[in-house]
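Keep in mind it's a predicted model, so treat the numbers as computed, not measured.
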Amino acid sequence: MSDPAVRFAVSDAIGILTLNRPDNRNGMTPELLDSFEAASRQARAAELRCLVVTGSGSCFSSGADFKSTLQRDGDHRTPSERSYAMYEPFLSLLDIAVPVIGALNGHAVGGGFGLALICDLRIGARDAKYGANFVRLGLAPGMAISYLLPRLVGVARANELLLTGRLIDGSEAERLGILNRAVAAGEVLGEALALARTIADNAPLAVRATKRAIQRGLGLAVRDAARLEACAQAETVATGDAREGIAALLAKRPPTFTGS
């Protein structure tokens, strides 16, 4: 196909990465994973203030396509290394410095659910299904789902979802804290782009520093996290954007941030 399996575009400093195999429910095939890796590389190199990840069609991603061979012929690495390499294209979103918003236009199941959890924020379709059904397939979860989900919903709720393999709808996903907002399917991308615009209008250096502090702070003791924040705050207070933000506050006008 000439149309890429994953599209990447930029509009006004907001990147949009779109899984583009709706006929296959945007499932994980070698073609899609290779294309995702290339699009993620483009996103990391672009001058972005926010990135939105979505799917085409009625499904965000159904996860692994068991009709295709994800672990490639001639790959002599260990089974665990091959398994990790299969997820690495999606995990590359962790290396993007700007906030990543998942615009979950439809079902996000298995590996597709893992991709959603990697995003920093999630807007999802209210009537879609979400979850990690690995145990129902005789598999343990992958893509750091067992790490990410307890940090969103707590250990007890994560245990229930992962050990039963139960899928939930968007309304329950919102109540549990998996989705920031559940909306009608046709409103998902618009809501995600509006949220991206709100973030992009803030001081970009401060936004990046805040995301970095949140990511690193999850594994720290509270005083160590406070010291990490102090370092980030000391860096940002010396920027032009900080001067502009304070001046705008005092002048009662909207700030204009330049990333300097």
Worksheet item: Which residues pass the side-chain contact (heavy atoms from CB on, under 4.5 Å) test with T239, sequence neighbours left out?
Response: L205, D241, A242

Can you give me the closest heavy-atom contact between [X] and [Y], atom names plus distance?
| X | Y | value |
| --- | --- | --- |
| G106 | A128 | C-CB, 3.4 Å |
| V100 | K211 | CG2-NZ, 3.9 Å |
| S146 | P141 | CB-CG, 4.5 Å |
| A132 | L162 | CB-CD2, 3.7 Å |
| Q215 | L94 | NE2-O, 4.1 Å |
| P255 | G245 | CB-CA, 4.3 Å |

Worksheet, complete the sentence: Apart from I214 itself, its cluster of hydrophobic side chains linked below 4.5 Å comprises none

Item to complete: Could you identify which residues cluster with I199, counting Ile, Leu, Val, Met, Phe, Trp and Tyr as linked when any side-chain heavy atoms lie under 4.5 Å apart, either directly or through a chain of such contacts?
Response: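 Besides I199, the hydrophobic cluster comprises I14, I16, V52, I101, L121, I123, V183, V188, L189, L193, L195, V207, listed by chain and residue number.
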
Worksheet item: For Y130, which residues count as a ring pair (Phe, Tyr, Trp, His ring centres under 6.0 Å) partner, sequence neighbours excluded?
Response: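 Not a single residue meets the ring pair (Phe, Tyr, Trp, His ring centres under 6.0 Å) criterion with Y130.
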
N/O donor-acceptor pair under 3.5 Å between [X] side chain and [Y] backbone:
| X | Y | result |
| --- | --- | --- |
| S35 | E31 | no |
| T18 | S56 | no |
| R126 | A182 | yes |

Worksheet item: With sequence neighbours excluded, what pairs up with D95 under the salt bridge (Lys or Arg N to Asp or Glu O under 4.0 Å) test?
Response: none

Item to complete: Please name all residues satisfying salt bridge (Lys or Arg N to Asp or Glu O under 4.0 Å) with K129, sequence neighbours left out, ordered by chain then number.
Response: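 None.
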
Item to complete: Given side chain to side chain donor-acceptor pair (under 3.5 Å), test R44 with S40 step by step and report yes or no.
Response: CA-CA 6 Å; R44 293 196 298 275; S40 175; 2.8 Å; yes

Discussion item. Within the supplied structure, the quantity of interest is the number of heavy atoms (other residues, nucleotides, ligands) at a distance under 6.0 Å from D127 CG; does it exceed 12?
Written reply: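 Atom CG in D127 is not packed in, count stays at 12 or less.
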
Discussion item. Using a 6.0 Å cut-off, check whether atom CZ of R25 has over 12 heavy atoms from anything other than its own residue.
Written reply: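 12 or below, so no.
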
In Å and rounded to the nearest 0.5 Å, what is the [atom1] to [atom2] distance from [X] to [Y]?
| X | Y | atom1 | atom2 | answer |
| --- | --- | --- | --- | --- |
| N24 | S61 | CG | OG | 9.0 Å |
| N26 | N20 | CG | CG | 7.5 Å |
| S62 | R21 | OG | CZ | 13.5 Å |
| E187 | R181 | CD | CZ | 11.0 Å |
| E172 | L179 | CD | CG | 10.5 Å |
| L104 | H107 | CG | NE2 | 12.5 Å |

Quick one, [X] and [Y] - any side-chain contact, counting heavy atoms below 4.5 Å?
| X | Y | answer |
| --- | --- | --- |
| F36 | L19 | yes |
| L17 | Q42 | no |
| L32 | V6 | yes |
| F60 | L115 | yes |
| P89 | D34 | no |
| M86 | L33 | yes |
| R122 | L152 | yes |
| F90 | V53 | no |

State yes or no: do [X] and [Y] share one hydrophobic cluster built from I, L, V, M, F, W and Y residues joined by side-chain heavy-atom distances below 4.5 Å, directly or via other members?
| X | Y | answer |
| --- | --- | --- |
| L167 | L176 | no |
| L148 | L51 | yes |
| I118 | I178 | yes |
| V135 | M143 | no |
| V10 | F257 | no |

Practice prompt. Could you walk me through whether N133 and F113 pass the side-chain contact (heavy atoms from CB on, under 4.5 Å) test, one step at a time?
Written response: CA-CA 10 Å; N133 59 344; F113 184 62; over 6 Å; no

Worksheet item: Are D65 and M28 close enough, and set up right, to give a side-chain contact (heavy atoms from CB on, under 4.5 Å), and what steps lead you there?
Response: CA-CA 5 Å; D65 178 356; M28 295 167 63; 5.7 Å; no

Discussion item. Evaluate I96 against L48 for side-chain contact (heavy atoms from CB on, under 4.5 Å), listing each step before the verdict.
Written reply: CA-CA 10 Å; I96 292 179; L48 300 181; 5.7 Å; no

